[in-house]
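Data block below; observations after.
All values below were derived from every heavy atom in this structure, side-chain atoms included, with hydrogens, water molecules and symmetry-related copies excluded. Lettering follows sequence order; numbering is per chain, from 1.
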Amino acid sequence: MSDKRCRIRPRGAGPFLVVDLYNALLGAFGPQEWWPADGPFEVMVGAILTQNTAWTNVEPAVAALKEKGLLTPRALAGAPLAEIETAIRSSGYYRQKAGRLRELSAWLLSEWGGDLRLTFQEPTLRLRTKLLAINGIGPETADSILLYAAGKPVFVIDAYTVRILGRVGLTEHTDYGCLQRLFERNLPLDIDIYREYHALLVLLGKDFCRRRPEKSNCCACPVGSRCETGLLAAV
DNA sequence: GGCCAGGTCAAAG
DNA sequence: CTTTGACATGGC
């Protein structure tokens, strides 16, 4: 995808700045300190379990896995599918996700003996490509793993991000790569900022955009509607 | 009871 | 190449 097609839309006096939104969100909500997990492998597991699923449904699933001692690549790779399914049932799509978790674990085991330190020594792009090759790991899951588990400077795009950018008039593009480059071009190369920014966008999407007078997709409704608020208006 | 959630993949059109 | 359906539970 050429950069030309990723151009952001001018708004008012000039292009709206990605960093302005970050500062506004950080000022309004404070640091979120994502990802809520106990160690990198738990981040990876959570990244799969939370696919199109509320985090409140993921928590019991992670707890059950932990209870059964299944939160290591070796244990998960060797566990019966039925046992994994039972443990993660609350997270929804549990049959799909059980298979995905086990496939991911088997891969980590065979490539690096389950040692994530070794896994994360892999060059970022190379690791990203390998993650994407696993069935059930798409761009958002791969990048969440890279950013929050591996500590690589990769910006995560999710459905909230797409809606919010459209809502604030920054861009109407929805293409993952376009939006990712938009953030990465306009931010300092800083893992903590990437982590914090994505967390804040999710918070805005959940708590803020849900308080809406209209129906769904508040973040996509027209500027000037009743959805307009102090926070977004200030940006 | 309906709508939605921190997506992804495969099958159609 | 773009659109659509399947996957599934739990909270509001």
Side-chain angles (χ1 to χ4, degrees), chain A residues 1-2 5 21-22 25 29 31-38 40 42-65 81-82 84-104 107 128-150 154-167 172-180 183 194-221 227:
Chain A
M1 185 101 9
S2 73
R5 289 191 53 81
L21 180 57
Y22 176 69
L25 292 175
F29 296 123
Q32 301 306 304
E33 288 163 22
W34 261 19
W35 182 292
D38 183 12
E42 192 175 309
V43 172
M44 299 173 100
V45 169
I48 286 181
L49 292 183
T50 197
Q51 288 172 350
N52 201 43
T53 300
W55 187 252
T56 50
N57 284 8
V58 174
E59 281 172 331
V62 172
L65 288 173
L81 217 45
I84 304 176
E85 289 177 359
T86 303
I88 68 171
R89 195 163 57 77
S90 71
S91 74
Y93 308 133
Y94 60 90
R95 258 175 282 241
Q96 271 192 3
K97 287 174 178 176
R100 290 172 179 184
L101 285 179
R102 211 168 63 165
E103 194 185 335
L104 170 68
W107 172 71
R128 186 175 197 269
T129 303
K130 289 183 171 187
L131 283 167
L132 290 176
I134 295 178
N135 191 291
I137 297 189
E140 184 184 338
T141 307
D143 290 340
S144 295
I145 289 171
L146 289 170
L147 179 62
Y148 292 105
V154 176
F155 202 90
V156 178
I157 304 297
D158 70 340
Y160 289 137
T161 307
V162 175
R163 277 188 238 160
I164 291 166
L165 290 189
R167 172 62 181 79
E172 288 177 359
H173 281 295
T174 59
D175 178 78
Y176 192 98
C178 281
L179 296 184
Q180 185 172 51
F183 283 96
Y194 284 19
R195 286 177 167 170
E196 200 54 57
Y197 203 160
H198 174 64
L200 286 163
L201 285 170
V202 173
L203 180 64
L204 180 65
K206 267 157 60 170
D207 293 350
F208 177 81
C209 291
R210 265 188 172 290
R211 281 187 249 137
R212 63 202 177 213
E214 273 93 23
K215 308 230 283 258
S216 56
N217 293 353
C218 162
C219 285
C221 59
C227 291

Among the nucleotides B:dC9, B:dA5, C:dG10, whichever has the atom closest to the side chain of A:Arg163 is B:dA5

May I ask you to say what A:Thr141 touches in the nucleic acid, namely base, sugar-phosphate or nothing, with a heavy-atom cut-off under 4.0 Å?
sugar-phosphate

Donor-acceptor check, side chain of A:Thr50 to backbone of A:Ala47, threshold 3.5 angstrom: yes or no?
no

Is there a side chain to side chain contact (heavy atoms under 4.5 Å, CB included) between A:Ile157 and A:Glu140 once you walk through the steps?
CA-CA 6 Å; A:Ile157 304 297; A:Glu140 184 184 338; over 6 Å; no

Mind calculating the distance between CD (A:Glu85) and C1' (C:dT9) to the nearest angstrom?
14 Å

What orientation do A:His198 and A:Phe155 show, parallel under 30°, tilted 30 to 60°, or perpendicular over 60°?
perpendicular

Assign A:Ile134 to base, sugar-phosphate, or nothing according to its heavy-atom contacts below 4.0 angstrom with the strands shown.
sugar-phosphate

Starting at atom CG of A:Leu49, determine the distance to atom P of B:dA5, rounded to an integer number of angstrom.
18 Å

Distance in angstrom units between A:Arg100 CZ and C:dA8 C1', rounded
12 Å

May I have the distance from A:Ile88 (atom CD1) to C:dT9 (atom P), rounded to whole angstrom?
11 Å

Both A:Thr56 and A:Thr53 contact DNA chain C. Which one's nearest nucleotide lies toward the 5' end?
A:Thr53

In this structure, how many angstroms lie between the C1' atom of B:dA5 and the NZ atom of A:Lys206, rounded?
9 Å

How many whole angstroms separate atom CD1 of A:Ile48 from atom C1' of C:dA8?
16 Å

Could you tell me the separation between the CG atom of A:Leu65 and the CG atom of A:Leu49, rounded to the nearest 0.5 Å?
6.5 Å

If the P atom of B:dT8 is compared with that of C:dG10, how far apart are they to the nearest Å?
22 Å

In this structure, how many angstroms lie between the C1' atom of C:dT9 and the CH2 atom of A:Trp55, rounded?
15 Å

With B for base contact, S for sugar-phosphate-only contact and - for none (protein heavy atoms under 4.0 Å), nucleotides 1-6 of chain C reads ------

Taking any heavy-atom pair under 4.0 Å as a contact, classify A:Ala159: base, sugar-phosphate, or nothing.
sugar-phosphate

Nearest to the side chain of A:Tyr93 - B:dA10, B:dT8, C:dA8?
C:dA8

Rounded P spacing from B:dC4 to C:dG5 in Å:
16 Å

Taking only the side-chain heavy atoms of A:Asn135 (C-beta and beyond), determine which of B:dC9, C:dG10, B:dA5 contains the nearest atom.
B:dC9

Would you mind classifying the nucleic acid contact of A:Gly138 as base, sugar-phosphate or nothing, using non-hydrogen atoms under 4.0 angstrom?
sugar-phosphate

Give a yes or no on whether the backbone of A:Ile48 and the side-chain of A:Arg100 come within a donor-acceptor separation of less than 3.5 Å.
no

Any luck finding a side-chain donor-acceptor pair between A:Gln180 and A:Asp143 under 3.5 Å?
yes

Using the closest heavy atom to pick a nucleotide of DNA chain B for each, name whichever of A:Ser144 or A:Leu132 lands nearer the 5' end.
A:Ser144

Note: A:Ala98 and A:Glu85 closest approach over all heavy atoms is CB-CG, 3.5 Å

Looking at A:Gln32 and A:Arg195, would you say the former's side chain and the latter's main chain have a donor-acceptor pair under 3.5 Å?
no

For A:Leu201, which contact category applies under a 4.0 Å heavy-atom criterion: base, sugar-phosphate, or nothing?
nothing

Please pick, from B:dA10, B:dG7, C:dG10, the nucleotide with the shortest atom-to-atom distance to any side-chain atom of A:Gln51.
B:dG7

Could you tell me how far apart A:Lys97 (NZ) and C:dG10 (P) are, to the nearest whole angstrom?
12 Å

